[in-house]
Amino acid sequence: YKKILEELIKGPERSELYPTLPSSTRVISVEVEDGLATVNLSKEILTDTTQIPHSSITEVLAISSIVNTLTEFDEIKRVKIIVEGKDKGEIDGIPIEDFWGHVGIYEEFERNEKIIWK
């Protein structure tokens, strides 16, 4: 699971496509239990705004890209995102649960097929 997320973070190889996550983000761990994957990401997911502007659209794309990637595995039904081992509080003055300030990561997420372009 960690390796597939690391590939997602690397971003697309084709120049006409855009990344959904900052490439400086590290996957600290991914733990799966009872259908729930808990993804622990480094603080750069919140603090690195150089590649991806934080907006309501990019936030949905970022969260959905993580969730939809992991729910491709049959054993994963829901995803919880945490940062530096925390699901609340602040990192560098940024509220963790607000994520990029629009959707937030207050709860567990399920697959979002509506976001997938076919």
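These numbers come from a predicted model, not from an experiment.
- Heavy atoms only, all atoms of each residue included: Ser24 and Ser42 are closest at O-OG, 4.2 Å.
- For the pair Phe73/Val32, no side-chain contact is recorded, criterion being any heavy-atom separation below 4.5 Å from C-beta on.
- Side chains of Lys2 and Ser29 form no contact here, defined as non-hydrogen atoms less than 4.5 Å apart.
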Which donor-acceptor pairs under 3.5 Å do side chains of residues 84-97 form with protein atoms, sequence neighbours excluded?
residue	atom	partner	partner atom	Å
Glu84	OE2	Lys43	N	2.7
Asp92	OD2	Lys43	NZ	3.3
Glu97	OE1	Gly89	N	3.2

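- Closest approach of Ile9 to Pro22, counting heavy atoms only: CG2-O, 3.4 Å.
- Around CD1 of Ile4, the count of heavy atoms belonging to other residues, nucleotides or ligands within 6.0 Å does not exceed 12.
- Within the 3.5 Å criterion, the main-chain N or O of Gly104 finds a donor-acceptor partner in the side chain of Glu59.
- At a threshold of 4.5 Å between side-chain heavy atoms, the hydrophobic network of Ile, Leu, Val, Met, Phe, Trp and Tyr places Leu5 and Tyr18 in two separate groups.
- Atom CD of Glu107 and atom CD1 of Ile81 lie 10.5 Å apart (nearest 0.5 Å).
- Atom-to-atom distance recorded for Glu110:CD and Ser64:OG is 12.0 Å, nearest 0.5 angstrom.
- Clustering ILVMFWY residues whenever any of their side-chain heavy atoms sit less than 4.5 angstrom apart, transitively, puts Phe109 in the very cluster that holds Ile76.
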Side chain to side chain contact (heavy atoms under 4.5 Å, CB included) between Ser23 and Lys10, intermediate numbers included: CA-CA 6 Å; Ser23 63; Lys10 280 183 189 177; over 6 Å; no
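- By the 4.5 Å heavy-atom criterion applied to side chains, Val83 and Asn40 are not counted as neighbours.
- Here the side chains of Ile66 and Leu21 are in contact, with some heavy-atom distance below 4.5 Å.
- Linking Ile, Leu, Val, Met, Phe, Trp and Tyr whenever their side-chain heavy atoms come within less than 4.5 Å leaves Ile28 and Val67 in two separate clusters.
- The ring pair (Phe, Tyr, Trp, His ring centres under 6.0 Å) contacts involving residues 20-60 comprise His54-Trp100, where partners must be two or more places apart or lie in separate chains.
- In Glu13, the CD atom is not crowded: 12 or fewer heavy atoms of neighbouring residues, nucleotides or ligands sit closer than 6.0 Å.
- Using a 4.0 Å cut-off between charged nitrogen and carboxylate oxygen, Glu7 and Lys3 count as a salt-bridge pair.
- The minimum heavy-atom distance linking Asp48 with Thr50 is given by the pair OD1-OG1, 2.5 Å.
- In this structure, the side chains of Val39 and Ile82 stay at 4.5 Å or more apart for every pair of heavy atoms.
- No path of Ile, Leu, Val, Met, Phe, Trp and Tyr side chains, each step under 4.5 Å between heavy atoms, connects Leu17 with Leu61, placing them in separate hydrophobic clusters.
- Within the model, atoms CG of Leu41 and OG1 of Thr25 stand 6.5 Å from one another, a figure rounded to the nearest 0.5 Å.
- The side-chain heavy atoms of Leu36 and Asp34, taken from C-beta on, include no pair separated by under 4.5 Å.
- Judged as a side chain to side chain donor-acceptor pair (under 3.5 Å), the pairs with a partner in residues 65-76 (not counting sequence neighbours) are, in order, Tyr1-Glu75, Thr20-Ser65, Thr71-Arg111, Glu72-Arg111.
- For the pair Lys80 and Tyr106, the tightest heavy-atom approach, listed with the atom from each and the gap, is NZ-O, 3.9 Å.
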